[in-house]
There are 2 protein chains.
Amino acid sequence: MPKNAAITRNRIVAAASKLFYGHGIRAVSVDDVAARAGLTKRTLYYHFRSKDDLIAAYLAARDEPTIVIVMGWMDAAKGTLADKLEAVFAQMARLGRHPKWRGCGFLRTAAELVTTPGHPALKAGAAHKKKLEAEFAGRFAQAGLDAPEMRARQVMLLFDGAFSAMLTHRDASYAEAAGQAAMDLVRGEKVRVVAKRRA
Amino acid sequence: MPKNAAITRNRIVAAASKLFYGHGIRAVSVDDVAARAGLTKRTLYYHFRSKDDLIAAYLAARDEPTIVIVMGWMDAAKGTLADKLEAVFAQMARLGRHPKWRGCGFLRTAAELVTTPGHPALKAGAAHKKKLEAEFAGRFAQAGLDAPEMRARQVMLLFDGAFSAMLTHRDASYAEAAGQAAMDLVRGEKVRVVAKRRA
DNA sequence: CAACGTATACTGACTAGTGAGTGTACGCAA
DNA sequence: TTGCGTACACTCACTAGTCAGTATACGTTG
């Protein structure tokens with residue numbers, strides 16, 4: 001029955017997700033994940049070749065849903081591009097205030113696995129951030145913003161910076177400061193262009 | 001001989017620094033640090049009460065030198081505030097291209113120790129980032145920039161974002177994109193203020 | 001349709017090695 | 001001779017991964 005296998009696999013990934021995100025990858029043992037999933041370690045190893053495989057599956061499972069959530073924030077917000085970015089960072093701050101919030105799983109994994117350069121989880125993390133950047137760039141271009149790729153990259157830098165700062169200081173207001181900066185970046189361009197044309 | 005004790009202690013911190021930064025805190029054992037310092041684990045435990053103490057000492061030793069380096073970049077650069085910020089991020093990109101570069105030790109430690117909220121190393125990391133932010137704010141105020149504290153915070157967000165993105169993508173050009181954003185933020189303000197006054 | 005073979009999904013007990021931290025003895029300087 | 005700094009040898013808990021074996025479902029064949 002391949003259906004059962006998929007169910008079990010999902011249960012393992014869900015358990016891994018909770019634990020890896022909550023405590024960090026190295027801090028969580030394969031036994032811990034198995035126990036949380038309600039099965040033995042040997043069964044886990046039936047479904048995954050190694051802990052590294054499990055880590056990769058954990059991040060892969062977070063990729064799409066995360067993008068849907070963030071872009072959902074953006075698309076649901078009313079107003080200008082700046083207003084939409086403000087909303088994204090405001091939502092981020094809201095998440096950051098939740099007691100179970102532990103930063104960005106992708107960034108923290110990248111930090112933990114920094115010594116294993118070819119790790120599939122690192123590739124998944126990099127790809128995820130690139131996708132998010134591309135989603136921003138597409139919307140910026142749609143809105144007629146100058147240099148949409150560059151601005152998308154800069155907004156991503158603020159996005160990741162906000163994750164880092166919120167984690168460091170345990171202060172969600174950093175996301176709001178990042179939001180203000182993002183607004184300035186997508187509005188400032190137009191102001192400067194107008195000024196240049198007049199000169 | 002308290003002098004010898006200090007020398008030994010420094011040797012241990014230097015060894016810990018190399019290893020913790022290079023491989024991550026959890027990936028490095030106390031035995032590894034002792035071996036690299038050229039002494040036994042028992043001697044290390046004579047000088048440090050626990051591994052946690054050693055981690056805190058590792059970050060404490062990096063605090064001041066890091067600030068001196070970054071502010072040295074800024075103060076050595078010629079030109080406007082924007083030019084100086086461009087120089088800071090350009091230097092950051094230069095470091096990021098070094099093969100031994102492994103991101104920001106403070107941020108990576110924060111990511112690894114996320115489950116131990118009161119950890120002295122986390123406090124040291126947060127204090128370090130605050131100090132850096134204050135150094136930026138002081139220089140921004142000196143230069144007559146509007147809202148220097150807010151701008152300093154936003155530049156720090158770009159700073160930490162650049163660390164994260166460079167680590168994620170192994171691409172130092174992210175620091176340069178962050179530098180461009182920082183320049184826009186410290187220049188854009190003036191442009192907007194002028195525009196408002198005219199209106 | 002009953003007996004059999006086989007793949008699926010699972011388990012408990014284990015290995016070999018590593019982790020942080022410690023008890024105790026010994027040399028050497030003041 | 002006191003006590004500081006160092007080393008060896010150790011404990012005990014934990015870790016990734018493995019061995020050998022089992023229950024169940026299901027298609028095939030006599």
Side-chain angles (χ1 to χ4, degrees), chain A residues 1-59 109 112-116 118-122, chain B residues 1-59 109 112-116 118-122:
Chain A
M1 250 184 223
K3 207 176 174 183
N4 277 349
I7 289 169
T8 305
R9 211 190 125 95
N10 283 346
R11 210 169 72 220
I12 294 169
V13 172
S17 221
K18 268 253 162 70
L19 294 174
F20 285 157
Y21 179 73
H23 303 281
I25 286 167
R26 285 202 117 97
V28 170
S29 73
V30 177
D31 286 284
D32 293 337
V33 175
R36 172 148 200 140
L39 33 77
T40 64
K41 179 162 59 171
R42 194 63 190 82
T43 301
L44 189 151
Y45 274 98
Y46 177 80
H47 293 275
F48 296 91
R49 213 178 337 135
S50 63
K51 188 181 182 181
D52 284 337
D53 267 30
L54 185 57
I55 298 164
Y58 147 60
L59 285 194
T109 302
E112 277 203 72
L113 302 184
V114 74
T115 38
T116 52
H119 199 293
L122 294 183
Chain B
M1 249 186 227
K3 205 177 177 184
N4 276 349
I7 288 170
T8 304
R9 210 189 125 96
N10 283 345
R11 211 169 72 218
I12 294 168
V13 171
S17 221
K18 270 252 162 71
L19 294 174
F20 285 158
Y21 179 73
H23 304 279
I25 286 168
R26 286 203 121 98
V28 170
S29 72
V30 177
D31 285 284
D32 293 337
V33 176
R36 171 147 200 140
L39 33 78
T40 64
K41 181 163 59 171
R42 195 64 188 82
T43 300
L44 190 154
Y45 273 99
Y46 177 80
H47 292 276
F48 296 90
R49 216 184 328 141
S50 64
K51 187 180 183 182
D52 284 338
D53 266 32
L54 185 56
I55 299 164
Y58 147 61
L59 284 195
T109 303
E112 277 202 71
L113 302 184
V114 74
T115 37
T116 52
H119 199 293
L122 294 182

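Within every chain, numbering begins at 1; the chains are lettered A, B, ... in the order of the sequence lines, protein sequences first and strands thereafter.
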Legend entry - Among A/Asp32, A/Val28, A/Leu59, A/Thr109, side chain to side chain contact (heavy atoms under 4.5 Å, CB included) partner for A/Phe20: A/Val28
Inset, instruction - Report yes if the side chains of B/Thr116 and B/Asp52 come closer than 4.5 Å at any heavy-atom pair, otherwise no. - result: no
Legend entry - Integer-rounded Å distance: C/dT18 P and B/Lys51 NZ: 15 Å
List, with names and distances, any nitrogen or oxygen atoms from the protein found under 3.5 Å away from nitrogen or oxygen atoms belonging to nucleotides 18-23 of chain D.
| residue | atom | partner | partner atom | Å |
| --- | --- | --- | --- | --- |
| D/dC19 | N4 | A/Arg42 | NE | 2.4 |

Inset, instruction - Measure from the side chain of B/Ser50, starting at C-beta and using heavy atoms only, and say which of D/dA16, C/dG21, C/dC10 lies closest. - result: C/dG21
Inset, instruction - State, yes or no, whether a side-chain contact exists between A/Val30 and A/Val33 at a heavy-atom distance under 4.5 Å. - result: no
Legend entry - Value in whole Å for how far the P atom of C/dG19 lies from CG of B/Leu44: 14 Å
Inset, instruction - Measure the spacing between CG of A/Leu54 and OH of A/Tyr45 and express it to the nearest 0.5 Å. - result: 8.5 Å
Inset, instruction - Between A/Val30 and B/Arg11, just flag the one whose closest nucleotide in DNA chain D comes earlier from the 5' side. - result: B/Arg11
Legend entry - Nearest-neighbour nucleotide for the A/Tyr46 side chain, D/dT6, D/dA16, C/dC10 considered: C/dC10
Legend entry - Short side-chain N/O contact to D/dA7 OP1/OP2 from B/Thr43, under 4.0 Å: yes
Inset, instruction - Let me know the distance between CZ of A/Arg9 and P of C/dC10, rounded to the nearest Å. - result: 13 Å
Legend entry - Atom of A/Ala57, atom of A/Arg9 and distance for their closest heavy-atom approach: CB-NH2, 4.1 Å
Legend entry - Side-chain N or O of B/His47 closer than 4.0 Å to phosphate OP1/OP2 of D/dT6: yes
Legend entry - Atom of A/Asp53, atom of A/Arg49 and distance for their closest heavy-atom approach: OD2-CB, 3.6 Å
Inset, instruction - Check each residue of residues 17-25 of chain A for a non-hydrogen atom within less than 4.0 Å of any atom in DNA chain D, then write out the ones that pass by number, or none. - result: none
Legend entry - Non-hydrogen atoms of B/Ile25 and B/Lys51 that approach each other most closely: O-NZ, 3.0 Å
Inset, instruction - Would you name the heavy atoms of A/Gly24 and A/Glu112 that are closest together and state the gap between them? - result: CA-OE2, 3.3 Å
Inset, instruction - Counting heavy atoms from C-beta on, name the nucleotide in D/dG5, D/dA7, C/dT11 closest to the side chain of B/Leu39. - result: D/dA7
Inset, instruction - Could you tell me the separation between the CD1 atom of A/Ile7 and the P atom of C/dT8, rounded to a whole number of Å? - result: 16 Å
Legend entry - Which nucleotide in D/dC4, D/dA7, C/dG19 has an atom nearest any side-chain atom of B/Ser29: C/dG19
Inset, instruction - Identify whether any heavy atom of A/Val33 sits under 4.0 Å from a base atom; if not, whether one sits that close to sugar-phosphate; answer base, sugar-phosphate or nothing. - result: nothing
Inset, instruction - Please report, rounded to the nearest Å, how far the P atom of C/dG19 is from the CG atom of B/Asp52. - result: 16 Å
Inset, instruction - Applying salt bridge (Lys or Arg N to Asp or Glu O under 4.0 Å) between B/Asp31 and each of B/Lys41, B/Arg42, B/Arg36, report the one that passes. - result: B/Lys41
Legend entry - Distance below 4.0 Å between A/Thr8 side-chain N/O and C/dC10 OP1 or OP2: yes
